[in-house]
Chemist: 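Structure in structure tokens, see below.
Only heavy atoms go into these numbers, but all of them, side chains included; no hydrogens, no water, no symmetry mates.
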Amino acid sequence: MTNHIVLYQPEIPQNTGNIARTCVGTGAILDIIKPMKFEINDHNVKRAGLDYWDKLQLVFHDSLEDFMATVQDRDRLHLITKFADTTYSDRDLSATDGEQYFMFGKETTGLPEPFLREYADRCLRIPMTNGIRALNLSNCAALVIYEALRQQNFAGLERVHAYPHDKLK
């Protein structure tokens with residue numbers, strides 16, 4: 001199983017850097033759909049991702065159409081949007097064969113409305129209180145990828161690690 005976090009035209013470098021770090025920590029691939037509002041070598045992106053950039057599996061796509069051409073099974077595409085009726089934790093994300101894609105829209109406008117309408121059955125929502133426009137993008141990516149990994153029994157991740165100077169031992 002390969003999980004992908006897909007960013008559609010990201011605008012805030014710190015969010016992308018934080019998501020890159022989450023991808024490294026979870027074994028997910030980061031797909032970025034261009035255009036972007038910053039350069040990937042931007043200081044803020046590198047700072048947020050710390051020293052993990054060499055471990056990141058990063059794929060760029062020139063357009064939404066180019067990205068969609070790489071998705072073999074549309075049932076494994078999950079669009080994260082505040083307009084969805086289904087909660088992300090209510091979707092079965094437990095499949096451990098093939099690839100799953102968790103797509104997030106740009107920080108200011110989300111995913112394009114025609115695209116959301118075309119794939120309305122693939123849309124998922126993160127619950128939040130009334131009156132807030134949106135949660136932070138990097139937090140949302142972490143919530144969703146860890147729910148998928150929980151359902152996948154944290155396949156490929158260390159559940160316990162022994163540290164040389166373990167503070168609890």
Side-chain angles (χ1 to χ4, degrees), residues 1-34 36-42 44-64 66-82 84 86-107 110-111 115-116 119 122-126 134-161:
M1 161 55 62
T2 303
N3 291 309
H4 294 250
I5 294 178
V6 183
L7 302 181
Y8 173 77
Q9 300 180 356
E11 299 173 316
I12 300 175
Q14 294 90 333
N15 282 337
T16 300
N18 287 333
I19 292 167
R21 187 175 184 176
T22 297
C23 286
V24 171
T26 60
I29 295 172
L30 177 58
D31 292 83
I32 295 179
I33 300 170
K34 295 179 181 178
M36 299 168 53
K37 291 255 180 159
F38 54 88
E39 295 293 324
I40 203 67
N41 61 6
D42 182 286
N44 292 324
V45 174
K46 290 196 181 257
R47 183 171 164 230
L50 295 175
D51 55 348
Y52 301 116
W53 285 99
D54 62 323
K55 296 171 180 60
L56 176 66
Q57 296 178 69
L58 177 62
V59 180
F60 288 102
H61 305 275
D62 289 328
S63 67
L64 183 55
D66 288 346
F67 166 74
M68 290 302 291
T70 69
V71 178
Q72 301 295 316
D73 184 353
R74 303 289 164 93
D75 288 339
R76 300 284 180 88
L77 176 65
H78 311 283
L79 311 180
I80 313 305
T81 174
K82 68 180 181 180
T86 303
T87 301
Y88 74 102
S89 56
D90 291 339
R91 175 77 43 93
D92 182 2
L93 307 171
S94 64
T96 56
D97 61 327
E99 302 189 64
Q100 288 201 84
Y101 301 88
F102 302 97
M103 183 184 288
F104 299 84
K106 59 172 108 176
E107 289 92 339
L111 292 166
F115 184 72
L116 288 175
Y119 294 99
R122 306 309 313 149
C123 291
L124 300 174
R125 174 184 174 79
I126 297 171
L135 298 171
N136 176 271
L137 182 63
S138 62
N139 292 338
C140 292
L143 283 168
V144 172
I145 196 68
Y146 269 97
E147 173 61 18
L149 289 164
R150 183 192 68 78
Q151 290 186 29
Q152 297 161 11
N153 206 24
F154 297 106
L157 299 185
E158 280 187 331
R159 285 180 165 253
V160 177
H161 184 83

Chemist: Distance check, rounded to the nearest 0.5 Å: Gln152 atom CD versus Asn3 atom CG?
Modeler: 4.5 Å
Chemist: Can you check whether Ile145 reaches Thr22 side chain to side chain, under 4.5 Å on heavy atoms?
Modeler: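 When only atoms from C-beta onward are counted, Thr22 and Ile145 do touch, with a gap below 4.5 Å.
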Chemist: Is Phe115 close to Met103 at the side-chain level, that is, under 4.5 Å between some pair of heavy atoms?
Modeler: yes
Chemist: Hey, does the side chain of Arg76 reach the backbone of Tyr101 with a donor-acceptor pair shorter than 3.5 angstrom?
Modeler: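 Absent.
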Chemist: Report the distance from atom OH of Tyr8 to atom CG of Leu79, rounding to the nearest 0.5 Å.
Modeler: 12.0 Å
Chemist: Please check this pair: side chain of Arg74 against backbone of Met68, looking for a donor-acceptor N/O pair closer than 3.5 Å.
Modeler: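 Looks like yes, one N/O pair under 3.5 Å.
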Chemist: Between Leu137 and Ile12, is any pair of side-chain heavy atoms under 4.5 Å apart?
Modeler: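 No, side chains not in contact.
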Chemist: Gln9 side chain to Lys106 main-chain N or O, any donor-acceptor pair under 3.5 Å?
Modeler: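 Flag not set: sc Gln9 to bb Lys106 has no pair under 3.5 Å.
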Chemist: Give the intermediate values and the outcome of side chain to side chain contact (heavy atoms under 4.5 Å, CB included) for residues Gln57 and His4.
Modeler: CA-CA 10 Å; Gln57 296 178 69; His4 294 250; over 6 Å; no
Chemist: Is there a donor-acceptor pair closer than 3.5 Å between any side-chain N or O of Glu147 and the backbone N or O of Leu93?
Modeler: no
Chemist: With rounding to the nearest 0.5 Å, note down the distance linking SG in Cys140 to CD1 in Ile19.
Modeler: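 The CD1 atom of Ile19 is 8.5 Å from SG of Cys140, to the nearest 0.5 Å.
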Chemist: Compute the centroid of each ring, for Phe102 and then for Tyr88, and state whether the two points are separated by less than 6.0 Å.
Modeler: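 No, too far apart.
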Chemist: I'd like to know if the side chain of Thr81 and the backbone of Ala84 have a donor-acceptor N/O pair within less than 3.5 Å.
Modeler: no
Chemist: Among Asp66, Leu30, Ile33, Ile32, find the residue that satisfies the side chain to side chain contact (heavy atoms under 4.5 Å, CB included) test when tested with Phe60.
Modeler: Ile32
Chemist: Any chance you could measure Arg125, atom CZ, to Ile80, atom CD1, to the nearest 0.5 Å?
Modeler: 12.0 Å
Chemist: Does any part of the side chain of Gln100, heavy atoms only, come nearer than 4.5 Å to the side chain of His78, both counted from C-beta?
Modeler: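 With C-beta onward as the side chain, the pair touches.
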